[in-house]
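First the proteins, then the strands, lettered A, B, ... as listed; each starts at 1.
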Protein chains: 2
Amino acid sequence: MNRLPVAERREQLIEAALAVASRDGIDAATVRAVAAEAGVSLGVVHYCFQDKDELLRAMAHAITSANLERSLGELPLEATDPESVIESVIDALWTGIRESRGPQLLSYELTTSSLRHAELNQVAIEQYRGQWAAAEQVLDLVERSAHVSWSVPRGTLARTIVAVVDGFSLAWLVDGDSEAARNGLQGFGRFLATVAIPASLEADAAATLA
Amino acid sequence: MNRLPVAERREQLIEAALAVASRDGIDAATVRAVAAEAGVSLGVVHYCFQDKDELLRAMAHAITSANLERSLGELPLEATDPESVIESVIDALWTGIRESRGPQLLSYELTTSSLRHAELNQVAIEQYRGQWAAAEQVLDLVERSAHVSWSVPRGTLARTIVAVVDGFSLAWLVDGDSEAARNGLQGFGRFLATVAIPASLEADAAATLA
DNA sequence: GGTTGTCCTGGTCGATTGTCCAAGTCAAGT
DNA sequence: ACTTGACTTGGACAATCGACCAGGACAACC
């Protein structure tokens, strides 16, 4: 095999761990399986990572980042009325989820594992801090492109968004009913629209005054 | 130790497995740990269960039943207006959840494990079929005691309820913020009230006609 | 060309796991 | 009292795991 500087080898092993764990579950991501997936001999893993836990933490960090990029990457916004903006945002979000079943399931496995094993202590809370922040960014986006503000505190609303997406995603992982998940999320989107108050009047007035 | 007929011994072992797994996680529920928790020697487990998987399936069935009983057991209903009924139902439900952190986390561990391991294939879908049915029963209850019907199909609404409760529960398991979870669920309850249409007129009319 | 340090090899170790078994114990029925 | 069958015991087994190490291979630099 070709020699690599340790930093690049780490990235490769993280990718391999992600592939194994997404495909076969977190329990299948043994040191040996990861080494085999990367086409590397056993000792390399312990040369690049002190622990198996350090590898898992790095993998968790990687998948969390990937999830956030996927959530915020697309978002084509053309419409301006709140209902349409929210609908298209949810559609893009849900499409991203349903196309990554393995990583999605792995995320929940990581969350529960983190809550049980002290070595992965910070993983779960980092996942959710990231998701809550991402949800707030989505709220910002809708605010700006639909010219609305929210009648509910942003933090509360962001937490609700994450909870609802989590809940429907989990149910979809179990029974595979994509239509039910999509419909449920769109129903939540219509609720979201009811707590969006048109800010055009006050905003325009403020802009005019300035 | 005292001798027991195999049926009772099975129940005892299921309880022991539930205790170990709720306290230390599903991975800690090894055959040896369960036997030790029950104060029984190693071979007894394989005398009562063919597999470790059969024990885990029995444990999953037990915790699912327990969760459903907990969700439907209490529910003190005095108020008659939809908002109050829904509020008290959600309060009781959330109280039940926050007082059983271990079993709640174990439920999610079982769900993800079921989705990865073929031996636990049916566990997750049974969990959710039970929860969806329970949510429909709660909707029935609210219907009858608040004299409303729903402007959204029951199945859809039940699925949404389970998703929202799941989502907020998971977030609470991660960051432990009980107030945020309670507020979020009550906010969802107020949304639920908006899709409840007062059926008193038609119901009374129908009753009068009959 | 020799030296130094980085990177890789593949085998070994102890611990833990699920599974199995030969033997022991005890209560019930004859 | 004795036999039968149900229940229990505790050790042994192979498999798998994370961790470790002595040494080989290679590139870069003096």
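- In terms of the side chain to side chain donor-acceptor pair (under 3.5 Å) criterion, residue partners of A:Glu54 (sequence neighbours excluded) are, by chain and number, A:Arg10.
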Hey, what are the protein-to-nucleotides 24-26 of chain C N/O distances that come in under 3.5 Å?
| from | atom 1 | to | atom 2 | distance (Å) |
| --- | --- | --- | --- | --- |
| C:dT25 | O2 | B:Arg3 | NH1 | 3.0 |

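- In terms of the side chain to side chain donor-acceptor pair (under 3.5 Å) criterion, A:Arg101 has no residue partners (sequence neighbours excluded).
- Side-chain nitrogen and oxygen atoms of A:His46 include at least one within less than 4.0 Å of the OP1 or OP2 phosphate oxygen of D:dA19.
- In this structure, B:Leu4 places its CG atom 6 Å from P of D:dT8, rounding to the nearest Å.
- An OP1 or OP2 oxygen of C:dT6 is reached within less than 4.0 angstrom by no side-chain nitrogen or oxygen of A:Arg9.
- A salt bridge links B:Arg182 with B:Asp91: at least one charged nitrogen is closer than 4.0 Å to a carboxylate oxygen.
- Contacts between residues 13-30 of chain A and DNA chain C, counted as heavy-atom distances below 4.0 Å, involve no residue at all.
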Could you please spell out the steps behind the side-chain contact (heavy atoms from CB on, under 4.5 Å) verdict for B:Thr194 and B:Glu83?
-> CA-CA 9 Å; B:Thr194 67; B:Glu83 290 82 4; over 6 Å; no
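- Looking only at distances, a side-chain donor or acceptor of A:Ser151 sits under 3.5 Å from a matching main-chain atom of A:Val195.
- Regarding A:Gln12, its CD atom lies at a distance of 13 Å from the P atom of C:dC7, rounded to whole Å.
- Distance A:Lys52 NZ to D:dC17 P: 9 Å, rounded to the nearest Å.
- Salt bridge status for A:Glu8 with A:Arg3: absent, with no side-chain N to carboxylate O gap under 4.0 Å.
- Closest of all the heavy-atom pairs between A:Arg57 and A:Leu120 is CG-CD2, 3.8 Å.
- The minimum heavy-atom distance between B:Leu72 and B:Gln137, with the atom names listed, is CD1-OE1, 3.7 Å.
- Atoms CD (A:Glu54) and P (D:dG18) sit 15 Å apart, rounded to a whole Å.
- Residue contacts for A:Asn2: at a heavy-atom cut-off of 4.0 Å it reaches the sugar-phosphate backbone alone, with no base atom in range.
- The shortest distance between side-chain heavy atoms of B:Glu109 and A:Glu109 does not fall below 4.5 Å.
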Dump every N/O contact between nucleotides 9-13 of chain C and the protein below 3.5 Å, one line per pair.
| from | atom 1 | to | atom 2 | distance (Å) |
| --- | --- | --- | --- | --- |
| C:dT9 | OP2 | A:Ser41 | N | 3.3 |
| C:dT9 | OP2 | A:Ser41 | OG | 2.9 |
| C:dT9 | O5' | A:Ser41 | OG | 3.4 |

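- If you measure from atom CD of B:Gln50 to atom C1' of C:dG18, you get 13 Å, rounded to the nearest angstrom.
- Residues of residues 106-122 of chain B that place a heavy atom closer than 4.0 Å to DNA chain D do not occur.
- Atoms CG (B:Asp53) and P (C:dT17) sit 15 Å apart, rounded to a whole Å.
- For the atom pair OG1 (B:Thr111) and CG (B:Asp166), the distance works out to 7.5 Å, reported to the nearest 0.5 Å.
- In this structure, B:Glu8 places its CD atom 10 Å from P of D:dT8, rounding to the nearest Å.
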